[in-house]
There are 2 protein chains.
Amino acid sequence: MAGKQAEDREPTQAGKARSDINDVARMARVSRQTVSNVLNNRTGYSEETRARVLVAIEALDYQPHRAARSLRSQRTMQLGYHMPGEQLAADNAFVLGFIQALVRAAADHGHHVLVFTDQGDELEVFRELVAIRGVDGFILSGSRGDDPRARYLHQAGVPFALFGRTAPSLPQSWVDIDSVAGASSAVDYLVGKGHESFAYVGYDAKPWDVERLEGFRKGLADHGIRVGERSIILGDTLDAVHGDVLRLLGRKRRPTAIVSGSDVLAAVAVNAAKSLGLRIGQDVAVTGFDGGFVQQMTEPVLTSVRIPVDRIAAELIACCLREIDEGTVQSAGILIPTEIAPGGSA
Amino acid sequence: MAGKQAEDREPTQAGKARSDINDVARMARVSRQTVSNVLNNRTGYSEETRARVLVAIEALDYQPHRAARSLRSQRTMQLGYHMPGEQLAADNAFVLGFIQALVRAAADHGHHVLVFTDQGDELEVFRELVAIRGVDGFILSGSRGDDPRARYLHQAGVPFALFGRTAPSLPQSWVDIDSVAGASSAVDYLVGKGHESFAYVGYDAKPWDVERLEGFRKGLADHGIRVGERSIILGDTLDAVHGDVLRLLGRKRRPTAIVSGSDVLAAVAVNAAKSLGLRIGQDVAVTGFDGGFVQQMTEPVLTSVRIPVDRIAAELIACCLREIDEGTVQSAGILIPTEIAPGGSA
DNA sequence: TTGAAAGCGCTAACAG
DNA sequence: CTGTTAGCGCTTTCAA
């Protein structure tokens with residue numbers, strides 16, 4: 001029941017193999033290139049011919065064979081997404097939504113997404129995919145200061161687009177969020193709610209972590225609010241942060257608002273505050289920075305700086321396709337604004 | 001710098017286009033057919049010939065062109081994974097790890113994974129992918145009682161493997177976890193720790209939710225422990241569950257162990273307990289059911305029934321490839337055992 | 001505006 | 001064991 005394709009060739013039969021471009025041409029009484037031209041909306045046919053072809057395509061439920069098309073046109077209509085290979089932690093939560101957004105955005109442009117990971121040598125998988133010409137370009141995320149992947153792709157002359165920025169010396173199309181503005185907008189939001197005494201909780205690892213803290217500082221400065229270094233908690237482990245927040249909130253003059261550079265850490269802060277008997281959103285306000293769906297996991301739901309994944313994905317795909325189609329490396333990047341997603345926590 | 005491929009044809013040049021099978025054949029002084037045979041480890045060449053070919057391949061850094069190969073062999077070496085299109089919630093957390101595992105497992109067999117989603121009509125994307133012959137088979141997850149995707153693929157004669165089971169009437173290769181045994185093992189674990197008074201927290205939506213509760217009941221029965229219906233909390237929203245757990249733990253004779261059918265709900269239970277001043281792991285034990293990395297997000301880390309994603313992915317890929325290669329629909333399924341991942345919460 | 005010829009890079013089928 | 005001949009299904013090039 002699985003291998004019945006070789007039974008009969010008659011295009012009108014029930015168990016027929018899929019119809020090909022010749023069937024369409026025959027039915028529309030044109031040559032197959034005309035069909036091809038119509039398919040790729042090239043010029044060179046009358047409106048009437050086009051109509052006939054379209055009817056035939058419809059009638060035969062024809063869809064061009066992807067491999068054949070790729071072989072001839074040197075276009076796979078596939079984009080590769082390199083998913084982080086590291087141990088998945090809560091902070092990768094956003095990757096899931098990101099992949100979904102990417103897949104959708106690519107589909108909007110008739111492309112598919114090949115997701116791959118490395119095990120060990122990071123560049124190996126890229127080399128292979130480039131060698132077999134399995135994709136037309138790549139989408140990268142989680143870029144560090146100097147990204148070897150971007151470096152490799154650039155020297156190999158393969159189009160790619162970056163979520164985040166790498167060394168400016170490298171020609172690249174990037175899309176990024178304005179982390180500084182994002183964190184700063186959280187401060188604005190809280191000030192608008194009447195808060196005057198702030199603390200910050202965040203990671204200290206990646207470039208964007210640094211930017212978020214910077215944005216926090218900038219936000220406060222804009223409002224002429226001062227903050228002591230003791231009110232800035234930077235931690236690697238949830239445990240450590242939990243303890244630090246407990247200490248922070250145990251002080252006689254505790255802050256009324258905690259800005260966090262991570263939803264996960266914000267959740268930790270929320271839990272710590274709750275265990276001290278504080279009411280979230282009333283006794284103390286907490287904001288996160290959107291890493292995905294973690295936002296929904298606290299009670300009350302986190303007020304968070306939302307990373308607009310859909311918008312980012314759309315821009316990335318657009319950039320990458322532009323590079324593929326036009327061969328231009330547009331070395332400028334796009335900064336996507338964040339927005340506050342209000343929950344009950346602030 | 002991006003479109004320089006048409007400059008020169010000399011295979012020995014620096015900026016040369018990639019070498020093809022003819023280059024290899026010429027260099028190894030055999031016909032290209034022999035190269036192809038070696039590549040696909042078919043028989044029909046001497047050991048010495050093979051060596052020469054291999055050397056040439058190495059020297060020229062040759063890799064066969066995927067599209068050309070696919071066109072001829074009718075094999076894309078790609079598998080499609082249909083990622084849930086619904087709004088992503090915390091309970092989809094496991095999908096991320098699952099995708100990673102899938103991609104790895106596929107790579108182990110020389111295959112790539114195409115991830116796609118639907119927007120609106122679920123089957124539409126399947127039809128398209130089948131029509132253009134973009135993949136050799138599909139991996140599905142999150143199967144419901146009667147899965148239209150499985151039904152369609154079956155009638156279209158396209159190989160697929162299922163994480164979870166659908167209507168038994170449909171020939172299918174499936175891989176699933178033993179939810180009943182999993183939940184029941186959590187009870188065993190807790191009984192082993194001396195607990196005698198239990199409660200359950202879970203969802204009530206999907207088939208596996210029901211199975212987990214069933215497993216809980218079975219586990220208790222095995223040890224001759226009785227549980228009142230009031231100690232079983234089934235909820236849809238985190239808020240509701242939070243409230244219910246507070247009430248549960250506020251009773252004069254509160255349970256000492258809470259088994260949960262979800263890591264997210266277990267986290268909610270942990271937080272509720274903490275806000276009552278109870279010490280997790282001491283005053284009250286909580287176990288989850290692994291939805292991914294949520295386990296790491298509580299303090300202390302959750303003791304949870306781990307879903308072995310890697311194992312599952314490996315089996316799924318193996319099943320799917322078997323169907324593709326052998327054309328056999330093996331209607332039997334594989335039940336993967338879960339294991340307890342001990343944390344500090346129980 | 002349309003059609004005929006050529007070939008993308010590979011493997012299947014069969015001949016030597 | 002090896003090489004030759006076809007042709008997968010499509011698009012490109014060029015001639016009508």
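In this text the structure is predicted, and so the values were computed from the model without any measurement. A, B, ... follow the sequence lines: proteins, then strands. Residue 1 opens every chain.
One can place CD1 of B:I132 at 12 Å from P of D:dT11, the figure rounded to the nearest angstrom. Rounded to whole Å, the distance from NE2 on B:H65 to P on C:dC8 is 11 Å. Distance, B:N22 CG to C:dG7 C1': 12 Å, rounded to whole Å. One can place CG of B:L71 at 12 Å from P of C:dG9, the figure rounded to the nearest angstrom. Atom CZ of A:R26 and atom P of D:dG9 are 12 Å apart (whole Å). What separates CG of B:N41 from P of C:dA12 is a distance of 12 Å, to the nearest Å. Look at CG on B:N37: it is 15 Å from P on C:dC14, rounded to the nearest Å. The nearest whole Å value for the distance from the CZ atom in B:R18 to the P atom in C:dC8 is 17 Å.
Looking only at side-chain heavy atoms (C-beta outward), A:R133 and B:R18 come within less than 4.5 Å of each other.
No donor-acceptor pair under 3.5 Å is formed between the side chain of B:N22 and the backbone N or O of B:A25. Looking at A:Q63, its side chain never comes within 3.5 Å of a backbone N or O of B:V130 through a donor-acceptor pair. B:D136 places no side-chain N or O within 3.5 Å of a backbone atom of B:L79 that could act as its donor or acceptor partner. Listed for the A:S19 side chain is a donor-acceptor partner under 3.5 Å among the backbone atoms of A:L60.
Considering only the side chain of B:L39, C:dT11 comes nearest among C:dT11, C:dG9, D:dT2. With distances taken from any side-chain atom of B:S36 to the nucleotides D:dT4, C:dT11, C:dG3, the minimum falls on C:dT11. The side chain of A:R69 sits closest to D:dT11 out of C:dT11, C:dG9, D:dT11. For A:V30, whose side chain is taken as the heavy atoms from C-beta onward, the closest listed nucleotide among C:dG3, C:dT2, C:dA13 is C:dG3. Each of C:dA12, D:dC8, D:dT12 was ranked by its minimum atom distance to the side chain of B:Q33; first place goes to C:dA12.
For D:dT12, one of the phosphate oxygens OP1 or OP2 lies less than 4.0 angstrom from a side-chain nitrogen or oxygen of A:R42. Considering only side-chain N and O atoms, A:T34 lies under 4.0 angstrom from the phosphate OP1 or OP2 of C:dG3. A sub-4.0 Å separation between OP1 or OP2 of C:dT11 and a side-chain N or O of B:N40 is present.
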- prompt: Would B:H112 and A:Q78 satisfy side chain to side chain contact (heavy atoms under 4.5 Å, CB included), going step by step from the backbone distance to the final call?
  reply: CA-CA 12 Å; B:H112 285 130; A:Q78 294 186 164; over 6 Å; no
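Here the closest heavy-atom approach between residue A:W174 and residue A:G164 is recorded as CB-O, 3.3 Å. Scanning both residues, B:L316 and B:A161, for their nearest heavy atoms gives O-CB, 3.6 Å.
A 6.0 Å sphere centred on CZ of A:R29 holds no more than 12 heavy atoms belonging to other residues, nucleotides or ligands.
Annotation: of the two residues near DNA chain C, B:I21 and A:Y45, the 5′-most nearest-nucleotide partner is A:Y45. Nearer to the 5' terminus of DNA chain D, by closest-nucleotide assignment, is the contact made by B:R29 (compared with the other of A:S73 and B:R29). Across the interface with DNA chain D, nearest-nucleotide mapping of B:S31 and A:A67 shows B:S31 to be the residue nearer the 5′ end.
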For DNA chain D, the dot-bracket notation using Watson-Crick and G-U wobble pairs below 3.5 Å, [ ] for pseudoknot-type crossings and | for other-strand pairs, is |.||||||||||||||
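With sequence neighbours excluded, no residue satisfies salt bridge (charged side-chain N to carboxylate O under 4.0 Å, His left out) with B:R42.
Within a heavy-atom distance below 4.0 Å of DNA chain C, no residue of residues 46-57 of chain B is found.
For A:R72 against D:dG9, a side-chain-to-base donor-acceptor contact under 3.5 Å is absent.
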